[in-house]
Amino acid sequence: MILKLYNSTTSQKEDFKSISPNIVSMYCCGPTVYDAPHLGNFRTFVFYDLVKRVLIQNGFEVNQVINITDIDDKIIDKVNSGAIGYKELTAKFNDMFLQHSLSLNIQEANQYPKTSDHVEAMIGFIKALIDKEYAYNVDGNIFFDTEKYSKYGKFVNIENIDRLESEDDGLGKKNQKDFALWKTWKEEDGDITWESEWGKGRPAWHTECAVLATQSLGKTIDIHCGGVDLKFPHHENESAQVEALLDSVFSNYWLHSEHLILEEEKMSKSLGNILNIGDLLNQYSAETIRLFLLSSHYRSKIYFSDEKLSDSSKMIDKINRFVKSVGLDTLDHNGDTNPSGDYLRFVESLNDDLNTPEALGIFFDFINKKNKKIHEDSLSEEDIEESKKFILGFNSIFQIIHPSVLIDEEVPEEVQKLAFIREGMRDKKNWEEADRLREEIEKMGWLIEDSESSQKLVRKK
RNA sequence: GGCGUCGUACCCAAGCGGUCUAAGGGAUCGGUUUGCAAAACCGCUAUUCGUCGGUUCGAAUCCGACCGACGCCUCCA
């Protein structure tokens, strides 16, 4: 089956072909560790996870790198404010990123290289660009010479930038669109600086990613991912450096996920309209947040609302009920799917540029069909097997079934006792007392679902 | 200002030239079931896809204009 991905460089869906037969190299722009991550950041990180899981479903082994940017203006600003030290600050938010990733069932990447561990390599990279005359030095700042690189403008209409040429930023760049590879030391940088042959300073963002990507994955990678806002200038600049220096195609596929919108604007720290992911995880389950994020296509904007989160939560309830009624006892997916008609359609949707909303629709359609059989009491062994396989295949991508769903929670003795009494009242047709007990049990956090012969206790959400 | 993406029911969201009198989820209202509920099931809720034109045998899907939202061009997932 062919996997199609929308490539930002061509603005169309393309059949995916990896460089090596069964292995995919994937570079994802990770967090700058200066502050608590927000939902918008994690929309992108969950998107990376989606890409990876779909690749795995297609039989690829994925070598994924997510970088950690720990050299950056905002980090320096924060350290300068005196509240916290450099190491402490970056470690704190690095850990937070990893922890939330774990909470959201995001598969671990193979590597999380940190900028500060690779400054030597960045210096070497910049030096090589200078040697090839793609970069020049102005008072210790090194800039990339966009005039020298004819292919500049992969992601943006270059005339736009030319128009802005008049607004020179006073750094002595030859062209407005030239960008920094190395920033010379300034007093406010303090100790956050490295020695180089051009004097003290630090690598600039675009160079950081260019070096980390090529160093960990080679001169041409299969897939490069990021949020749309990184298309230009970040990815443009990253790509320009690598392709100029190595004379290669930097990445065969560029995937960009859309923004999360809050209060009519993209969620962003500089705009101040932030929903901290940690806070959100206290309010909603990780599964709910994941589903909320995956129920829109990755290239569509998501307008945040609590209502959507609660819709997602209800969807999960429905899925969980189905999981229980089919008697699933493990979430381990061994890849054995034996694609039936519906499951095949599910996989095809995901392979069509990661169409998660459509795939979800197919899954629900399937659930409805089986529920109907359950209702008619005509669910066969084959139906059960098929359902289990579909659920596992579904969950291997969406990851929204919590393991606890498989285990019937122990009902507290007190609740059991009340339920037993209620059972007696029902037998005696003492409905008033039975209803009163049902209410009491509900207050204790348990719902009763009566069936003909017995009553079932379900944990209240 | 330039460039780009998007506008589908009460809400969310797929579909992107014919199988669309438009999937799926939430919500509402009927019905089956139930002592009553809950859960489940059945049914109703867009002859219509921002507006107006055009292309076509045929358009939600292509083209143009307009209106509206968002993004990029500056740090940003």
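The chains referred to below are lettered A, B, ... by the order of the sequence lines, with proteins before strands, and numbering in each begins at 1. Atom set for the values below is all heavy atoms of this structure, side chains included, hydrogens, waters and symmetry mates excluded.
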* **Pair assignment for rG58(B), Watson-Crick or G-U wobble, requiring both distances under 3.5 Å** => none
* To do: Decide if the gap between the ring center of F390(A) and the ring center of F394(A) is smaller than 6.0 angstrom.
  => no
* If the C1' atom of rC49(B) is compared with that of rA22(B), how far apart are they to the nearest Å? -> 8 Å
* Between atom NE2 in H259(A) and atom P in rG4(B), what is the gap in whole Å? -> 18 Å
* S296(A) side chain: which of rG15(B), rA77(B), rA13(B) is closest? -> rA13(B)
* Quick one: look up who rU5(B) pairs with, Watson-Crick or G-U, both distances under 3.5 Å, and put none if it's unpaired. => rA69(B)
* May I ask you to say what G226(A) touches in the nucleic acid, namely base, sugar-phosphate or nothing, with a heavy-atom cut-off under 4.0 Å? => sugar-phosphate
* To do: Using a 4.0 Å heavy-atom cut-off across all strands, classify E307(A) as base, sugar-phosphate, or nothing.
  => sugar-phosphate
* **Euclidean distance for C1', rC12(B) against rA23(B) (whole angstrom)** => 14 Å
* Asked: Side-chain N or O of N355(A) less than 4.0 angstrom from OP1 or OP2 on rG15(B)?
  -> yes
* Picking from rA69(B), rC41(B), rG35(B), which would you name as closest to the side chain of K372(A)? -> rC41(B)
* Nucleotide forming a Watson-Crick or wobble pair with rA14(B), both distances under 3.5 Å -> none
* Asked: Heavy-atom distance under 4.5 Å between the side chains of F16(A) and Y253(A), does that happen here?
  -> yes
* To do: May I ask you to check whether F292(A) and F304(A) place their ring centers less than 6.0 Å from one another?
  => yes
* Measure from CG on L379(A) to C1' on rA40(B) and round the result to the nearest Å. => 13 Å
* Sort out the partner of rC41(B) for me: Watson-Crick or G-U wobble, both distances under 3.5 Å, none otherwise. => rG31(B)
* Roughly how many Å is it from CD1 in I319(A) to C1' in rG24(B), rounded to a whole number? -> 11 Å
* Over how many whole Å does the gap from E358(A) atom CD to rG25(B) atom P extend? -> 14 Å
* Salt bridge between D353(A) and K4(A), side-chain N to carboxylate O under 4.0 Å? -> no
* Asked: Contact class for K266(A) vs. all strands (heavy atom < 4.0 Å): base, sugar-phosphate, or nothing?
  -> base
* Asked: Starting at the 5' end of RNA chain B, which residue's closest nucleotide do you reach first, R299(A) or I302(A)?
  -> R299(A)
* **Option passing side chain to side chain contact (heavy atoms under 4.5 Å, CB included) with F322(A) (candidates V326(A), N320(A), I319(A))** => V326(A)
* Spell out yes or no: do the side chain of R438(A) and the base of rA37(B) have one donor N/O and one acceptor N/O closer than 3.5 Å? => yes
* **Residue K456(A) excluded, over 12 heavy atoms near NZ under 6.0 Å** => no
* To do: For nucleotides rA38(B) and rU48(B), find the distance between their P atoms and express it as a whole number of Å.
  => 35 Å
* Asked: Whole-Å distance between rU74(B) C1' and H206(A) NE2?
  -> 11 Å
* Structure fact -> Picking from rA77(B), rC70(B), rA40(B), the nucleotide nearest the side-chain atoms of L230(A) would be rA77(B)
* Roughly how far apart are L55(A) CG and N63(A) CG, rounded to 0.5 Å? -> 12.0 Å
* Asked: What about D450(A), does its side chain sit under 3.5 Å from the base of rC36(B) through a donor-acceptor pair?
  -> yes
* Heavy atoms, side chains only, cut-off 4.5 Å: are D72(A) and I75(A) in contact? -> yes
* Contact class for R422(A) vs. all strands (heavy atom < 4.0 Å): base, sugar-phosphate, or nothing? -> base
* Would you classify K74(A) as touching base, sugar-phosphate or nothing, given that sugar-phosphate means primed atoms plus P, OP1 and OP2, and contacts are heavy atoms under 4.0 Å? => sugar-phosphate
* Asked: When we call it a touch if two heavy atoms are under 4.0 Å apart, what does S349(A) touch: a base, just sugar-phosphate, or nothing?
  -> nothing
* Asked: Quantified in whole Å, what is the P atom distance between nucleotide rG18(B) and nucleotide rG58(B)?
  -> 15 Å
* Asked: Given rA40(B), is OP1 or OP2 found less than 4.0 Å from the side-chain N or O atoms of R321(A)?
  -> yes
* E376(A) near the nucleic acid: base, sugar-phosphate alone, or nothing, with a heavy-atom cut-off under 4.0 Å? -> nothing
* Asked: Does rG25(B) have OP1 or OP2 sitting under 4.0 Å from an N or O in the side chain of K318(A)?
  -> yes
* Structure fact -> Closest of rG25(B), rC75(B), rA13(B) to the F364(A) side chain is rG25(B)
* **Check: Q176(A) main-chain N/O paired with K173(A) side-chain donor or acceptor under 3.5 Å** => yes
* Asked: So does K308(A) get a side-chain nitrogen or oxygen closer than 4.0 Å to the phosphate oxygens (OP1/OP2) of rA13(B)?
  -> yes
* Structure fact -> E236(A) CD to rC75(B) P, in whole Å, measures 14 Å
* Asked: Taking the same atom, C1', in rC29(B) and in rC66(B), what whole-Å distance lies between them?
  -> 39 Å
* To do: Looking at every strand, decide which applies to P233(A) at a 4.0 Å heavy-atom threshold: base, sugar-phosphate, or nothing.
  => sugar-phosphate
* To do: Mark this stacking check for W431(A) against rG35(B) as yes or no, applying ring centres under 5.5 Å and ring planes under 30°.
  => yes
* To do: Let me know the distance between CG of N41(A) and C1' of rC75(B), rounded to the nearest Å.
  => 13 Å
* Do you know the tightest heavy-atom contact between E236(A) and F155(A)? -> OE1-N, 2.7 Å
* **H38(A), nearest nucleotide to its side chain (from rA37(B), rC76(B), rA77(B))** => rA77(B)
* Pick the C1' atom in rC6(B) and in rG15(B), then give their distance to the nearest Å. => 15 Å
* Which value, in whole Å, describes the distance between the P atoms of nucleotides rC73(B) and rC20(B)? -> 42 Å
* To do: May I ask you to verify if any side-chain N or O of K314(A) is less than 4.0 angstrom from the OP1 or OP2 atom of rG25(B)?
  => no
* Asked: Base, sugar-phosphate, or nothing for I261(A), non-hydrogen atoms under 4.0 angstrom?
  -> sugar-phosphate
* Asked: N371(A) has a side chain; which of rA23(B), rA40(B), rC73(B) sits nearest to it?
  -> rA40(B)
* Can a side chain N or O of N368(A) be found less than 4.0 Å away from OP1 or OP2 on rA40(B)? -> no
* Asked: Taking for each residue the nucleotide of RNA chain B bearing the nearest heavy atom, is the 5' side occupied by F45(A) or by Y6(A)?
  -> Y6(A)
* Could you work out the separation of rU45(B) and rC10(B) based on their C1' atoms and round it to a whole Å? => 9 Å
* In terms of side-chain heavy atoms of Y303(A), which of rG24(B), rC70(B), rG15(B) is nearest? -> rC70(B)
* Between atom CD in E442(A) and atom C1' in rC36(B), what is the gap in whole Å? -> 14 Å
* Quick one: is S310(A) getting a side-chain N or O under 4.0 Å of the rA27(B) phosphate, OP1 or OP2? -> no
* Asked: Hey, does L271(A) reach any base, or is it just sugar-phosphate, or nothing, if we go heavy atoms under 4.0 Å?
  -> nothing
